[in-house]
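So that the names make sense, note that chain A is the first sequence line, chain B the second, and so on, each numbered from 1. What you see is a predicted model; the values in this text were computed from it and never measured. Because only heavy atoms are used, hydrogens play no part in the values below, and waters and symmetry mates are left out as well, while side chains stay in.
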Amino acid sequence: MKESCAICKDRSCAVSILNDSELELLEQNCSEGMFRKDEIIFHQGSIISHIVYVRTGLVLEYLKGNSGRNQIIQIVKNRSYLGLPSLFGDRVNNYSYKALEALTVCYIDINTFKNLIKTNGNFAYEILVSVCQDSLNSHHRFLNINAKQTFGKVADALLYFARVIFENNTFELSLTRSDIGALIGISRESTTRALNKFQTEGIIRTTSSKFEILKPHMLQKISESG
DNA sequence: CCATTAATTTAGT
DNA sequence: ACTAAATTAATGG
């Protein structure tokens, strides 16, 4: 038995705007799903069948390269819709999504979702806000990273995890070193080297997947100076 | 079902 | 590229 969207504690900002009849419509056209860690939610190139809304858990958004070399685009937090730009800009999904931890999701019928956008301006506004924030965030991150050297990039990544994703200076991240490298466009080796340097300088503490940022201001400085 | 070992993946140099 | 460590899968009791 599915719990009501109206009382869902994980519902999106956009959904909290809907009135009773709209909520009922949404409820009748969506279903719940779960993913385990490392499961693929959907692949790039697949037809968009449903909107996937992430209620809990973190998701990796990436682009598969020709030679198994993946470009990681961003980490998607919970309470987000996956692949909205693809929904409105294309017929197929442009990116691939993988669960970084156990997820609970909702599948929403595309037409229901589109109709809500068309008929409820406030709902559409909230969706637009989230898509644009996401876009700005990503662009800034990519542009910043482009202008930086290895240490600056790694510092950037750590600050991104701590500030944007986890909102905490200690966090556990189920990304491999090469994944972190793929996120900022450097090699696995360089990632290791930078992380070790930061650790010996007492800026961070890390054991494989656990990270603790001891001196955020130092990372900030490294990030700014390149 | 649990314990050992084999195989694959990941980290570090 | 190579080695060590760690994680995961397979096997046998």
Side-chain angles (χ1 to χ4, degrees), chain A residues 33-46 52 54-78 82 93-105 138 141-142 144-226:
Chain A
M34 296 181 71
F35 288 92
R36 301 168 152 266
K37 183 178 181 312
D38 291 332
E39 282 185 319
I40 306 291
I41 300 158
F42 53 81
H43 287 284
Q44 65 208 63
S46 60
V52 177
V54 181
R55 284 170 57 185
T56 61
L58 291 180
V59 172
L60 191 68
E61 180 180 64
Y62 65 102
L63 199 56
K64 284 195 268 187
N66 306 331
S67 49
R69 198 155 232 93
N70 292 346
Q71 166 75 51
I72 292 175
I73 298 153
Q74 63 175 149
I75 295 169
V76 180
K77 293 216 283 184
N78 61 345
L82 300 185
N93 289 299
N94 281 230
Y95 307 121
S96 302
Y97 296 85
K98 188 177 91 173
L100 283 180
E101 53 195 41
L103 303 181
T104 55
V105 303
S138 291
R141 215 159 36 76
F142 286 136
N144 279 334
I145 276 165
N146 245 333
K148 283 171 189 167
Q149 315 271 1
T150 304
F151 293 122
K153 291 179 182 182
V154 176
D156 256 14
L158 290 169
L159 291 172
Y160 166 67
F161 296 143
R163 290 178 181 170
V164 181
I165 305 299
F166 295 97
E167 297 173 35
N168 196 314
N169 276 335
T170 68
F171 51 87
E172 189 161 355
L173 179 66
S174 60
L175 279 186
T176 65
R177 300 293 137 116
S178 64
D179 282 341
I180 297 171
L183 177 69
I184 52 183
I186 64 174
S187 71
R188 176 181 67 81
E189 288 90 334
S190 301
T191 308
T192 298
R193 213 158 53 85
L195 287 175
N196 284 341
K197 181 161 181 281
F198 291 162
Q199 178 148 234
T200 56
E201 288 174 354
I203 298 170
I204 63 167
R205 268 172 50 77
T206 168
T207 17
S208 60
S209 62
K210 286 187 144 191
F211 293 85
E212 188 178 347
I213 296 178
L214 304 171
K215 298 176 183 170
H217 54 285
M218 283 297 290
L219 278 185
Q220 181 66 42
K221 218 166 179 178
I222 294 166
S223 165
E224 282 165 7
S225 66

Roughly how many Å is it from [atom1] in [X] to [atom2] in [N], rounded to a whole number?
| X | N | atom1 | atom2 | result |
| --- | --- | --- | --- | --- |
| N196(A) | dA11(B) | CG | P | 12 Å |
| Q199(A) | dA11(B) | CD | P | 14 Å |
| R36(A) | dT7(C) | CZ | C1' | 16 Å |
| R193(A) | dA11(B) | CZ | C1' | 15 Å |
| E39(A) | dT8(C) | CD | P | 14 Å |
| K197(A) | dT13(B) | NZ | P | 15 Å |
| L173(A) | dT10(B) | CG | P | 13 Å |
| K210(A) | dA11(B) | NZ | P | 16 Å |

Nearest-nucleotide 5' precedence on DNA chain C, R188(A) against D38(A):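 The residue whose closest nucleotide sits nearer the 5' end is R188(A).
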
Judged by each residue's nearest nucleotide on DNA chain C, which is more toward the 5′ side, S208(A) or E189(A)?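 Its nearest nucleotide being more 5', the pick is E189(A).
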
Among Y160(A), F171(A), F198(A), whose ring-ring contact (aromatic ring centres under 6.0 Å, His included) with F211(A) holds?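 The passing option is F171(A).
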
Please determine whether the number of non-hydrogen atoms from other residues, nucleotides or ligands lying under 6.0 Å from atom NZ of K77(A) exceeds 12.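 More than 12 heavy atoms, drawn from other residues, nucleotides or ligands, come within 6.0 Å of this atom.
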
Dump the intermediate steps for side-chain contact (heavy atoms from CB on, under 4.5 Å) on K98(A) and I40(A), then the final yes or no. CA-CA 4 Å; K98(A) 188 177 91 173; I40(A) 306 291; 3.9 Å; yes

Of the non-hydrogen atoms in L100(A) and K37(A), which two are nearest, and what is the gap between them?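 Minimum heavy-atom contact is O-CG, 3.6 Å.
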
